[in-house]
Amino acid sequence: MNALVVYCSQTGSARTYAVWLAEDLGCDAVTLDQLDAKGPACDLVVLCSWFHAASIKGAKRFRAYMGAHPNQRFAVVAVGANPMPCADWPAAEKEEAFRHSFPADSYPDLPWCYCQGGFHFEKLSAIDKIAMRIYFAMLQKEVDKGSKRDAVALRMMREGFDGCNRAYLEPLKEQLGI
Ligand SMILES: Cc1cc2nc3c(=O)[nH]c(=O)nc-3n(C[C@H](O)[C@H](O)[C@H](O)COP(=O)(O)O)c2cc1C
């Protein structure tokens, strides 16, 4: 399969997954700005990007490219700081967030998976540092009301972590038949 992985990454997690997936596909992993130059020669183009306030960075650009290349196959790896689906962090929440960027009525068959990335406050842009300080204050209010889930999330983000795990790509590889 002639494939390409394009990625959008601020602190490195989505890039890590892009490189792993490109190794598995035997193809290149390049930044999203190279999509128009390198994408058209490929059968499959995968976007590997991160959740930013429940939207996927670069999704608008990727959707425009998908619309202009109806005969290519596409897939998405959505990376976030939240834990992998479990009782406290249901898969339905990930699906809902993913569908903000790729609505089910327009992209019913788009293969995708969620992969936990990491959180590295010191590597964020100035504007994202401000956004996260506001978000931390919101989470703290929930923690004060007794939310155990938010307490875990807040502690992990305050301390910083790298939750990248190559195995999290398996569901997408299965959907793609690789
Ligand atoms: C402003 C901002 C908003 C974020 N919103 C979400 C979110 O809605 N859901 C989520 O799971 N992670 C969210 N994150 C966490 C990032 O998606 C996570 O840190 C990811 O691993 C970053 O990828 P990167 O290392 O490739 O930049 C947010 C991070 C920032 C800075």
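One is the number of the first residue; the rest follow in order along the sequence. For ligands, and for the atoms within them, numbers begin at 1 and follow the listed sequence.
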[X]: numbered ligand 1 atoms lying under 4.0 Å from its heavy atoms:
X: Leu124; result: 31 (C)
X: Gly117; result: 21 (O)
X: Val79; result: 17 (O), 21 (O)
X: Met132; result: 1 (C), 2 (C), 30 (C), 31 (C)
X: Ala14; result: 24 (P), 26 (O)
X: Phe119; result: 19 (O)
X: Gln10; result: 24 (P), 26 (O), 27 (O)
X: Tyr114; result: 11 (O)

Identify, for [atom], the protein heavy atom at the shortest distance, and state residue, atom and that distance.
atom: atom 10 (C) of ligand 1; result: Ala81 N, 3.6 Å
atom: atom 26 (O) of ligand 1; result: Ser9 OG, 2.6 Å
atom: atom 25 (O) of ligand 1; result: Thr11 OG1, 2.4 Å
atom: atom 29 (C) of ligand 1; result: Trp50 CZ3, 3.8 Å
atom: atom 28 (C) of ligand 1; result: Phe51 O, 3.4 Å
atom: atom 5 (N) of ligand 1; result: Ala53 N, 2.8 Å

How far apart are the closest heavy atoms of Gly117 and Phe161, and which atoms are they? O-CE1, 3.6 Å
Give the minimum heavy-atom separation between Ser101 and Ile56, together with the two atoms involved. OG-N, 2.9 Å
Take atom NZ in Lys60; do more than 12 heavy atoms of anything else shown fall under 6.0 Å from it? no
Count the heavy atoms belonging to other residues, nucleotides or ligands that lie under 6.0 Å from CD of Glu23, then report whether that count exceeds 12. yes
Who's closest to atom 19 (O) of ligand 1 heavy-atom-wise, of Cys8, Ala54, Ala153, Gly118? Gly118
Check for a donor-acceptor pair, side chain of Gln72 on one end and backbone N or O of Gly39 on the other, with a separation under 3.5 Å. yes
Report yes or no: does Ser13 contribute a side-chain atom to a donor-acceptor pair with the main-chain N or O of Gly118 at less than 3.5 Å? yes
Would you call Glu96-Arg99 a salt bridge at under 4.0 Å N-O? no
Which value, rounded to the nearest 0.5 Å, describes the distance between Lys141 atom NZ and Asp150 atom CG? 13.0 Å
Going by distance only, is there an N or O of Asp128 that falls short of 3.5 Å from an N or O of ligand 1? no
Got an N/O contact under 3.5 Å between Arg15 and ligand 1? no
Kindly indicate whether the side chain of Asp36, heavy atoms from C-beta on, has any atom under 4.5 Å from the side chain of Arg61. yes
Determine, step by step, whether Phe74 and Phe62 satisfy the ring-ring contact (aromatic ring centres under 6.0 Å, His included) criterion, reporting the C-alpha distance in whole Å, the side-chain angles of both residues, the deciding distance to 0.1 Å, and the verdict. CA-CA 10 Å; Phe74 300 99; Phe62 198 66; 5.7 Å; yes
Between Trp112 and Phe98, is the ring-ring contact (aromatic ring centres under 6.0 Å, His included) condition met? List the steps. CA-CA 9 Å; Trp112 77 280; Phe98 178 76; 4.0 Å; yes
